[in-house]
Amino acid sequence: MSLITAMDINASGLTAQRRRVELSSANLANSQTTRTEEGGPYRRKDIVFETASFQDSLGTAMSGGVEGVHVSEVVEDPTPFDRRYEPGHPDADKDGYVSYPNVNVMAEMANLVSASKSYEANISAIGIVKAMIARTLEIGR
Amino acid sequence: MIEDRMFPVLDRLLSQTSKRQQILAGNVANLDTPGYRAKDISFAAELDGNLDMGSRVIEVETKEKPNGNNVDLDRELTEITKNGLQYVTLVQYLNQKIKTLRAAISEGGKV
């Protein structure tokens with residue numbers, strides 16, 4: 001049933017946006033982390049969205065530009081670390097500077113708000129499709 | 001009466017409305033996908049002529065964001081709501097048709 005596909009498409013939006021919230025939260029949580037497994041301070045992660053073609057219930061690819069979304073990759077932000085003069089810090093270099101993660105807390109907060117707004121938009125679209133499906137079941141009653 | 005010509009028309013309109021819901025759902029899902037162009041189905045163009053409604057997907061001309069994406073969330077949510085209401089209206093109309101038909105069948109036997 002094609003309305004179910006509409007729901008699946010919005011669900012792909014929910015998944016992608018939730019992933020974005022997760023990454024942003026990880027960035028915020030690690031905004032002061034100076035030690036990581038790879039060595040050096042935490043590097044800010046960013047998400048890349050890509051359109052995903054959808055299949056109908058019979059498994060054939062949908063024609064006519066019906067596209068959902070998926071996370072194509074998670075990339076590291078190459079911008080330089082924030083260097084602060086803290087000679088007493090155990091991770092300070094010989095000049096007394098400590099490299100802190102390149103996480104901008106303000107930008108992450110804005111990103112979180114934007115992601116949650118997009119998430120809600122998908123939720124309301126799903127709500128409308130749900131009402132449509134419920135009506136379909138009433139045909140002929 | 002059973003060969004009511006409205007039934008095939010309603011059938012096609014319902015399919016078109018649910019197809020449009022998919023397209024609009026895709027727009028909302030791709031709200032933050034760089035370079036994505038919002039899509040829609042043109043109903044007016046399909047309703048002319050002999051009601052032969054093939055689906056035609058068009059691109060929506062809304063203002064582009066810096067990342068090349070032109071999905072306007074307010075427009076999409078309004079269109080989704082309108083499309084949902086249209087669907088409900090069609091189902092209501094179809095039900096009314098069926099009710100009339102049913103009345104004709106049952107009342108006819110009570111002469």
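Since the model is a prediction, treat every value here as computed from it, not as a measurement. Residue numbers begin at 1 in each chain, while the letters A, B, ... track the order of the sequences.
- Cluster annotation: A/Val21 and A/Tyr42 are assigned to distinct hydrophobic clusters (Ile/Leu/Val/Met/Phe/Trp/Tyr, side-chain heavy-atom contacts under 4.5 Å, transitive).
- Contact of the B/Asn30 side chain with the A/Phe49 side chain is not registered, since no non-hydrogen atoms from C-beta on lie closer than 4.5 Å.
- For A/Ile128, the part lying under 4.5 angstrom from a heavy atom of chain B is the side chain only.
- In the hydrophobic clustering of this structure, A/Tyr119 groups with A/Met7; members are Ile, Leu, Val, Met, Phe, Trp, Tyr whose side-chain heavy atoms approach within less than 4.5 Å, directly or through other members.
- A pairwise comparison of heavy atoms in B/Ser18 and A/Ser2 identifies OG-OG, 3.1 Å as the closest pair.
- The contact list for residues 80-113 of chain A toward chain B, using heavy atoms and a distance under 4.5 Å, is empty.
- In terms of heavy-atom proximity, B/Gln22 sits nearest to A/Ile9 at O-CD1, 3.7 Å.
- Minimum interatomic distance between B/Asn95 and A/Gly140 (heavy atoms only, all atoms of both residues): OD1-N, 2.7 Å.
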Stepwise side-chain hydrogen bond (donor to acceptor under 3.5 Å, both in side chains) check, B/Asn27 with A/Glu67: CA-CA 8 Å; B/Asn27 289 344; A/Glu67 287 169 320; over 6 Å; no

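- Top candidate by heavy-atom pairs under 4.5 Å with chain A, chosen from B/Leu31, B/Thr33, B/Val91, is B/Thr33.
- Between the A/Arg135 side chain and the B/Leu90 main chain, no donor and acceptor come within less than 3.5 Å of each other.
- Both B/Leu77 and B/Val71 belong to a single network of hydrophobic side chains, linked directly or stepwise wherever heavy atoms of I, L, V, M, F, W or Y lie under 4.5 Å apart.
- Tracing side-chain contacts under 4.5 Å through hydrophobic residues (I, L, V, M, F, W, Y), one reaches A/Ile123 starting from A/Val129; they form part of the same cluster.
- Two residues are said to be in side-chain contact when any heavy atoms from C-beta on lie closer than 4.5 Å; B/Tyr36 and A/Val69 fail this criterion.
- Contact of the B/Ile98 side chain with the A/Ile139 side chain is registered, since non-hydrogen atoms from C-beta on lie closer than 4.5 Å.
- For chain B, the nearby parts of A/Ala121 are the backbone and the side chain; heavy atoms of each come within less than 4.5 Å.
- Around atom NZ of B/Lys65, more than 12 heavy atoms belonging to other residues, nucleotides or ligands sit under 6.0 Å away.
- Hydrophobic cluster membership is shared by A/Val71 and A/Leu23, with clusters built from Ile, Leu, Val, Met, Phe, Trp and Tyr side chains linked at under 4.5 angstrom.
- Looking at B/Gln92, only its side chain comes within 4.5 Å of chain A, counting heavy atoms on both sides.
- Per-residue counts of heavy-atom pairs under 4.5 Å with chain B were compared for A/Ala11, A/Ala125, A/Gly68, A/Ala131; the largest is that of A/Gly68.
- Both the backbone and the side chain of B/Ile80 come within contact range of chain A, judged by heavy atoms closer than 4.5 Å.
- Judged by distance alone, the side chain of B/Asp32 and the main-chain N or O of A/Ser118 form no donor-acceptor pair under 3.5 Å.
- For A/Ser124, the part lying under 4.5 angstrom from a heavy atom of chain B is the side chain only.
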